[in-house]
Enquirer: 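First, the structure itself, so that you have it in front of you.
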Amino acid sequence: MHKNLIIKIDEALKKLNYPADVSIEVEIPKNEAFGDLSTPIAMELAKHLKKYPRAVAEEIILALDGEFFEEVSVAGPGFINFKFKREFVLSKFSELLHKEEEFLRQKLSNGQKVQIEFVSANPTGPLHLGHGRGAAIGSALANILREAGYEVSTEYYINDAGRQVELLGLSVYYALERLFGKEVQMPEDCYKGDYIFDLAEEIYKTYGDGIKNKSFEEIGPFLIEFSYQKILKEIRTDLEEFGVEFNSWVSEKKLYHTGEVQRALINLKEAGYIYEKDGALWFRSTSFGDDKDRVVIKSDGTYTYFASDIAYHKNKIDRGYDELINIWGADHHGYIPRVKAAVQALGMSPSQIKILLVQMVNLLKEGKPFQMSKRAGTFVTLRDLMDEIGADTTRFIFLTRRHDSHLEFDVEVTKKQSHENPVFYVQYAHARINSIFAKAEKGSVKEFIGELFNEDELKIIKKLLQYPMIFELSVHFREPHRITFYLQELASLFHSYYHKYRVISEDEDLTHTRLALCKGIMIVLRHGLRMLGVKAPERM
RNA sequence: GCGCCUGUAGCUCAGUCGGAUAGAGCAACUGCCUUCUAAGCAGUGGGUCAGGGGUUCGAAUCCCUUCAGGCGCGCCA
């Protein structure tokens, strides 16, 4: 509906020879008395034209082809408010019902290749809530962009090389030692969660005394491999249950084995961005706005983590994506300038990489702050929460917030309130419609009779027609939460309607007209929930 | 000290490329189940949009500043 309006406004502006370079914004008025849609375009143009906004608005209205509109008026400081003709609204509604796919699947992209990398948690322990948040946002974003016509690829980058997995192996080694009855003190930086001891037990059960009395040098590599593979498997399982799929999993270790790390650095060197200082090799990231240059090869000859990350991004660039989206925890924000610098040095435009920072999840326990630490083993895992309140509820909680809002998460309160989580409100609307159709038996919806729709029904229909606009904004800003809020509003309208009217009655025409409305609501609810990765249950 | 993010109702959060009277859920209070699912509906109360200054026709939204909170500032990953 908003697209039709934009086209009409654009035509009017051309007729008036007004500047064509201003983008036409259309918005849903706060107050429905103002109409179905409105535009502040006249106020925008008034600045350029040095005219009064209301006068510009009047001119636009005169030049406007009014075929769709029942009423167009100037209001307030210069808004133009539009009220659509009933027949136009109904024809759009009919489109929704009969050409569901075309109506919902807007082509907002010509198949641009977008890669979204998210979660990418070190395989050194279970996923915690922060990862869950990133997972929910990343996968919803992938759904949305894919639906909008982008060619989306999702990826998990596995940090299976370097210090962290080594520490994991060492932690398991110490756990084994304890299992064998030795009094050993775990080093401070070891992981100490229960899962470490579980891993040790499992290893012992499988390999028996063969691993007894061995030094870390002897069995370290094996322990590392076994442990992180096992953890990775659990991460995959958790993500799967959480409704998150990755098209690919890329191993950091492999980047070393294939020589890609080395090659990436050679590339940078040839481009003149690498120099030597104090026995180390540096990347001149300051050339691209970073605060200081960064080491890529330490003076002891080993690579830094950043070196493999450069290689990873080069690898991504070489795969020919038009856009890279990295979803990171906000604690990595200091890392952004250097990665962007690297990407630019490798020849990609900075506008092609977007780094979405997902803010920290602040854990509370009965109102009091609660420190989460993987190393100390005090953390709430995604698995715990899913088991407790379910994947849908968990996803919904994460998707009702902007990615950069600091999320307060009180586990106890959440458990207590899970039964009144808004996700059920939305799902319930869907289940109710299903039961109406179950009762209506035949299932087939005959053509509605437009004249039979009352004001309440028309209001719902208009709400349905807003969905494509919400969806478009969600794509544009890369913000899935906009859909979450819309769905709650739509569900609210439906529940209210459901209570006030009966869909099935003796009057066959009326029944089918109302069934058509329900069908429309169902189509949109399903689509929205699918975008969020939340189930649309038939029964609750 | 420097940088990034945040501060909106009692609580959790929307609304922010400047736009009309600032919204929702929860909590509180009042009603509504012989009807297609009460995980629901109808209603009431609740706000210095952290404070101050500025920009302008217009600011929760932009700029400056103060305060408060979170997170970063390694030849760690």
Side-chain angles (χ1 to χ4, degrees), chain A residues 23 25 27 29-31 33-34 38 40 43-44 46-47 52-53 75-79 81 122 124 159 161-167 189 252 277-282 291-292 294-306 308-309 329-337 357-360 362 364 367 369 397 400-410 413-414 416-417 419-429 431-440 476-477 481-482 484-486 488-489 491-492 494-505 511 514-515 518 539-540:
Chain A
S23 71
E25 304 286 338
E27 52 194 45
K30 283 180 191 168
N31 188 332
F34 294 141
S38 79
M43 294 182 279
E44 191 57 40
K47 279 181 206 163
Y52 291 109
F79 287 100
N81 293 334
N122 285 345
T124 53
N159 294 121
R163 185 75 187 138
Q164 295 310 317
V165 281
E166 199 168 296
L167 269 178
D189 50 1
E252 179 188 7
K277 192 183 91 183
D278 305 331
L281 225 54
W282 298 70
D291 297 336
K292 49 179 286 198
R294 307 291 172 176
V295 170
V296 287
I297 297 182
K298 295 178 262 180
S299 50
D300 67 3
T302 59
Y303 292 101
T304 59
Y305 172 78
F306 182 44
S308 57
D309 229 19
D331 52 342
H332 289 85
H333 74 260
Y335 205 70
I336 295 175
L357 287 181
V358 174
Q359 275 299 335
M360 306 279 91
N362 297 319
L364 300 173
I397 289 171
T400 35
R401 275 128 174 120
R402 250 178 23 246
H403 64 83
D404 58 354
S405 74
H406 298 245
L407 202 168
E408 298 277 336
F409 203 102
D410 193 315
V413 173
T414 305
K416 232 179 285 172
Q417 291 182 344
H419 66 281
E420 58 207 18
N421 185 285
V423 73
F424 297 121
Y425 187 77
V426 177
Q427 290 180 321
Y428 189 46
R432 270 182 153 177
I433 292 175
N434 251 286
S435 78
I436 293 173
F437 280 112
K439 171 131 187 182
H476 182 255
F477 290 102
H481 77 273
R482 289 167 185 266
T484 319
F485 280 89
Y486 170 86
Q488 292 184 58
E489 289 162 16
S492 167
F494 170 73
H495 284 307
S496 179
Y497 175 75
Y498 178 89
H499 188 262
K500 192 166 168 187
Y501 301 97
R502 279 193 71 78
V503 173
I504 298 166
S505 65
T511 299
R514 289 185 169 171
L515 281 174
C518 290
R539 208 164 292 119
M540 283 176 77

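Values reported hereafter were calculated over all heavy atoms of this structure, with side chains retained and with hydrogens, waters and symmetry mates removed. Chain identifiers are assigned alphabetically (A, B, ...) following the order of the sequence lines, protein sequences preceding nucleic acid strands; residue numbering begins at 1 within each chain. Fair warning: this is a prediction, and the values are worked out from it, not measured in the lab.
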Enquirer: Examine the base of rA20(B) for any acceptor or donor lying under 3.5 Å from a partner atom in the side chain of Ser38(A), and report the outcome as yes or no.
Expert: yes
Enquirer: In whole angstrom, what separates Phe485(A)'s CZ from rG23(B)'s P?
Expert: 15 Å
Enquirer: If you compare every side-chain N and O of Arg432(A) against the phosphate oxygens of rA38(B) (OP1, OP2), does one of them come in below 4.0 Å?
Expert: yes
Enquirer: Determine the Euclidean distance between corresponding C1' atoms of rC33(B) and rA50(B); express it in Å to zero decimal places.
Expert: 45 Å
Enquirer: A quick test of your reading: do over 12 heavy atoms of other residues, nucleotides or ligands sit less than 6.0 Å from OH of Tyr52(A)?
Expert: no
Enquirer: Below 30° counts as parallel, above 60° as perpendicular, anything between as tilted: where do the rings of Tyr335(A) and Phe306(A) land?
Expert: perpendicular
Enquirer: Examine the base of rC71(B) for any acceptor or donor lying under 3.5 Å from a partner atom in the side chain of Gln359(A), and report the outcome as yes or no.
Expert: no
Enquirer: If you take atom types as modelled and just measure distance, does the side chain of His333(A) reach the base of rC5(B) with a donor-acceptor pair under 3.5 Å?
Expert: no
Enquirer: Select one nucleotide: of rC75(B), rU6(B), rG72(B), the one nearest the side-chain heavy atoms of Ala280(A).
Expert: rC75(B)
Enquirer: Which class fits the ring pair Tyr498(A) and Phe494(A): parallel under 30°, tilted 30 to 60°, perpendicular over 60°?
Expert: tilted
Enquirer: OP1 or OP2 of rC76(B) less than 4.0 angstrom from a side-chain nitrogen or oxygen of Thr304(A), does that happen here?
Expert: no
Enquirer: Could you check whether the side chain of His332(A) and the base of rG72(B) have a donor-acceptor pair of N or O atoms closer than 3.5 Å, going by distance alone?
Expert: no
Enquirer: Just N and O in the side chain of His481(A): are any of them under 4.0 Å from OP1 or OP2 of rG15(B)?
Expert: yes
Enquirer: On a whole-Å scale, what distance lies between the C1' atoms belonging to rG7(B) and rU12(B)?
Expert: 14 Å
Enquirer: Between atom CG in Asp331(A) and atom C1' in rC71(B), what is the gap in whole Å?
Expert: 7 Å
Enquirer: Say we look at rG15(B) and rU61(B): how far apart would their C1' atoms be, to the nearest angstrom?
Expert: 9 Å
Enquirer: Nearest-nucleotide wise, let me know which of Phe34(A) and Gly279(A) is further upstream toward the 5' end of RNA chain B.
Expert: Phe34(A)
Enquirer: Between Asp309(A) and Arg294(A), does any NZ, NE, NH1 or NH2 come within less than 4.0 Å of an OD or OE carboxylate oxygen?
Expert: no
Enquirer: Rounded to whole angstrom, note down the P distance from rG25(B) over to rA14(B).
Expert: 16 Å
Enquirer: Between rA39(B) and rC4(B), how far is it from one P atom to the other, in whole Å?
Expert: 49 Å
Enquirer: Rounding to an integer number of Å, can you tell me how far Ile336(A) CD1 sits from rC71(B) P?
Expert: 17 Å
Enquirer: Looking only at N and O atoms, is any donor in the side chain of Arg402(A) or the base of rU6(B) less than 3.5 Å from an acceptor on the other one?
Expert: no
Enquirer: Ignoring the backbone of Met360(A), work out which of rG70(B), rG40(B), rC36(B) is nearest its side chain.
Expert: rG70(B)
Enquirer: Check whether any side-chain heavy atom of Phe485(A) lies under 4.5 Å from a side-chain heavy atom of His481(A), and answer yes or no.
Expert: yes
Enquirer: rU30(B) and rC49(B): how far apart are their P atoms, nearest whole angstrom?
Expert: 31 Å
Enquirer: Is a donor-acceptor contact shorter than 3.5 angstrom present between the side chain of Asp189(A) and the base of rA77(B)?
Expert: no
Enquirer: Among the nucleotides rG69(B), rC4(B), rC36(B), which one has an atom lying closest to any side-chain atom of His406(A)?
Expert: rG69(B)
Enquirer: Taking syn as within 90° of 0 and anti otherwise, name the glycosidic form of rC73(B).
Expert: anti
Enquirer: Whether Ser405(A) contacts rA14(B) is assessed here as follows: a side-chain N or O lying under 4.0 Å from the phosphate OP1 or OP2. Is that the case?
Expert: yes
Enquirer: So, OP1 or OP2 of rC41(B): does either fall under 4.0 Å of a side-chain N or O from Tyr425(A)?
Expert: yes
Enquirer: Between His495(A) and Arg482(A), just flag the one whose closest nucleotide in RNA chain B comes earlier from the 5' side.
Expert: Arg482(A)
Enquirer: Could you grab the distance from atom CH2 of Trp282(A) to atom NZ of Lys277(A), nearest 0.5 Å is fine?
Expert: 4.5 Å
Enquirer: Check this one for me: any side-chain N or O of Lys298(A) less than 4.0 Å away from OP1 or OP2 of rG74(B)?
Expert: no
Enquirer: Hey, does the side chain of Lys292(A) come within less than 4.0 Å of rC75(B)'s phosphate (OP1/OP2), counting only N and O?
Expert: yes
Enquirer: Taking OP1 and OP2 of rA14(B), is either one under 4.0 Å from a side-chain nitrogen or oxygen of Arg401(A)?
Expert: no
Enquirer: Determine whether Tyr425(A) and His495(A) make a side-chain contact, defined as any pair of heavy atoms from C-beta on separated by less than 4.5 Å.
Expert: yes
Enquirer: Could you measure between the two C1' atoms, the one in rC64(B) and the one in rA59(B), and give it in whole Å?
Expert: 15 Å
